Amino acid sequence: MKPIITRFPPSPTGYLHLGGARTALFNWLYARHMKGTFVLRFEDTDVQRSTQASVDAIFDALQWLGIDWDEGPYYQSQRFDLYREYIRKLVDTGNAYYCTCSPEKLDEMRKTAMASGGKPRYDGTCREKGLKPASDSVVRFKAPLMGATVIDDVVKGPIVFQNSELDDFIIQRSDTTPTYNLAVVVDDITMNINTIIRGDDHVNNTPKQILLYRAFGAELPVFAHVPMVLGNDRSRLSKRHGAMSVTAYREMGYLPEALLNYLVRLGWSHKDEEFFTRDDLIEKFSLENIGKSAGVFNPEKLLALNADHIMASSPEKLAPQVLPFLIRKGCPAACDNHLFKVIETLKIRSKTLEEMADGALFYYACEVRYDEAAADKFLLPAALESLTLLARQIQAMTSFTEKSLEDAFKSVMETTGLKLGKIAQPVRVALTGRTASPGIFEIIEVLGKEKTLDRLNRAIGFIRSRAGETS
RNA sequence: GGUCCCAUCGUCUAGUGGUCAGGACGUCGGCCUCUCACGCCGGUAACACGGGUUCGAAUCCCGUUGGGAUCACCA
């Protein structure tokens with residue numbers, strides 16, 4: 001069995017969007033699963049629209065996703081000589097010809113065809129003229145007039161196209177650069193690509209490409225056309241549907257594994273499993289289980305999956321990923337043992353790293369900023385006794401464990417006759433400034449004796465001064 | 001419009017002739033509980049329609065409807 005060689009061929013005309021990422025992922029996974037080779041190639045023959053910034057953005061996104069390549073990156077713009085050589089072969093073998101019909105004439109041709117209800121296709125004016133290259137001539141592929149071309153698609157099954165539907169498409173522009181269909185085929189042939197996994201928006205190009213493979217006498221690759229990713233209005237995913245670039249998800253605090261997991265499940269399944277790590281996917285991915293119908297992108301499910309992946313990650317793994325979010329918020333955190341403990345308390349209640357960072361801020365604050373409503377509700381004179389008692393208990397403690405803290409609270413409960421619920425909320429506001437946070441015992445343990453006492457005492461002072469004001 | 005593709009809960013999907021049509025997200029109710037979460041229990045909700053084939057169709061065939069893609073000297 002021949003080794004599988006797949007490729008991802010983005011055109012660098014913008015950031016890497018979710019659809020592209022999924023295509024890259026499928027190709028990468030298949031190559032990894034089959035222990036084959038994954039090739040990266042930039043299709044930048046459109047010099048006008050291709051930019052280095054886009055190339056960099058795509059590198060950045062792929063790297064973040066952890067999608068690495070074994071070969072390339074190749075740039076089509078550096079292979080023009082090769083394409084010319086292949087085009088010449090086609091002309092020499094009578095499979096292509098020069099055409100001098102002007103764009104204006106073609107336009108008119110299309111219009112009259114449309115007007116009379118016909119198809120907008122080239123009428124073959126120059127097909128049999130045997131023209132020599134001229135300054136403004138293009139090269140057209142001489143497509144068969146009869147017969148049919150069939151795609152043996154692994155996901156959709158056989159797809160038949162009547163050759164009479166195809167026209168003599170241009171393979172070389174008047175500026176001697178190759179067009180898309182020619183360049184892909186030459187590249188895929190010369191790079192030995194034998195498995196092409198791409199969006200099914202390419203299905204209609206495929207018969208043209210198959211014809212080119214035949215004209216070159218090359219072996220056909222396996223085609224797998226995967227269904228599109230749709231927006232919530234069921235139209236093709238685009239900017240209208242909100243955040244589209246892969247890196248936007250990084251900024252919002254998504255884990256690359258979660259995004260990968262979500263993307264792969266959009267169109268592929270393995271039994272009824274929902275959660276996959278990167279290694280799971282490499283092990284389980286297969287072309288057979290790719291679905292046929294288009295899928296709607298659902299941000300809520302992505303979010304839920306992100307929460308699952310956060311929960312499944314270790315604090316050590318999470319720390320370097322949250323750190324940038326903390327720093328961006330002006331938090332003096334470092335990737336240390338303390339941060340690991342902080343994360344441990346937040347993991348289970350954070351759906352994104354952004355949320356986790358927000359939740360972590362209070363641990364690092366020099367002075368807790370009280371949420372107004374929280375302070376109004378809980379930092380009241382009624383809490384003074386338990387706060388004071390608790391401070392005294394903690395003062396006397398030498399080390400914190402869940403058990404010893406529980407005992408401290410119990411003692412306060414006994415003295416005051418209050419339930420834990422009544423005591424915990426004021427303490428929570430004193431320590432975090434908010435009414436929602438990780439468990440009280442966890443917080444105290446992570447905060448440490450000194451900070452806990454500081455905050456308790458400050459809250460006591462806060463209540464006293466307030467009481468003074470109002471009385 | 002031509003060509004091509006697709007069709008199971010709102011969404012992602014399992015299902016490959018015989019299932020009470022399963023799971024996940026969402027949603028609703030409840031439990032747990034120091035808050036928020038997590039977790040747990042339960043509810044809601046789908047085979048687009050019409051014909052066949054078959055003892056028996058979500059599963060196979062045809063048609064209808066609906067949705068999508070594509071029709072460049074873009075990729």
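This one's a predicted model, so the numbers in the text were calculated from it and none came from an experiment. Numbered from 1 within each chain, the chains take letters A, B, ... in sequence-line order.
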K.L.:
Applying side-chain contact (heavy atoms from CB on, under 4.5 Å), can you list everything that pairs with A:L145, at least two apart in sequence or on another chain?
P.N.:
A:R127
K.L.:
Which whole-number value in Å describes the distance from A:L230 CG to B:C6 P?
P.N.:
15 Å
K.L.:
What contact category does A:V138 fall into here, base, sugar-phosphate, or nothing, at under 4.0 angstrom with non-hydrogen atoms?
P.N.:
base
K.L.:
Starting at atom CG of A:D152, determine the distance to atom P of B:C5, rounded to an integer number of angstrom.
P.N.:
13 Å
K.L.:
Quantified in whole Å, what is the C1' atom distance between nucleotide B:C9 and nucleotide B:C25?
P.N.:
12 Å
K.L.:
Nearest whole Å is fine: how far is B:U33 C1' from A:I348 CD1?
P.N.:
12 Å
K.L.:
Is the phosphate of B:A75, meaning OP1 or OP2, less than 4.0 Å from a side-chain N or O of A:T13?
P.N.:
no
K.L.:
Base, sugar-phosphate, or nothing for A:E274, non-hydrogen atoms under 4.0 angstrom?
P.N.:
base
K.L.:
Extract from the structure each pairing of a protein N or O with an N or O of nucleotides 41-46 of chain B at less than 3.5 Å, listing the distance.
P.N.:
none

K.L.:
Could you give the distance separating B:A58 and B:C49 at their C1' atoms, to the nearest angstrom?
P.N.:
14 Å
K.L.:
Taking OP1 and OP2 of B:A14, is either one under 4.0 Å from a side-chain nitrogen or oxygen of A:S269?
P.N.:
yes
K.L.:
In whole Å, I'd like the distance from the CD atom of A:Q425 to the C1' atom of B:A37.
P.N.:
13 Å
K.L.:
Ignoring hydrogens and angles, write down the donor-acceptor pairs under 3.5 Å from the side chains of residues 428-436 of chain A, residues two or more places apart or on other chains.
P.N.:
from	atom 1	to	atom 2	distance (Å)
A:R428	NE	A:Q425	OE1	2.6
A:R428	NH1	A:S437	OG	2.8
A:R428	NH1	A:P438	O	3.0
A:T432	OG1	A:R428	O	2.8
A:T432	OG1	A:R434	N	3.0
A:T432	OG1	A:R434	O	3.2
A:R434	NH2	A:D358	O	3.1

K.L.:
For the pair A:R236 and A:D201, find out whether any cationic side-chain nitrogen is under 4.0 Å from an anionic carboxylate oxygen.
P.N.:
yes
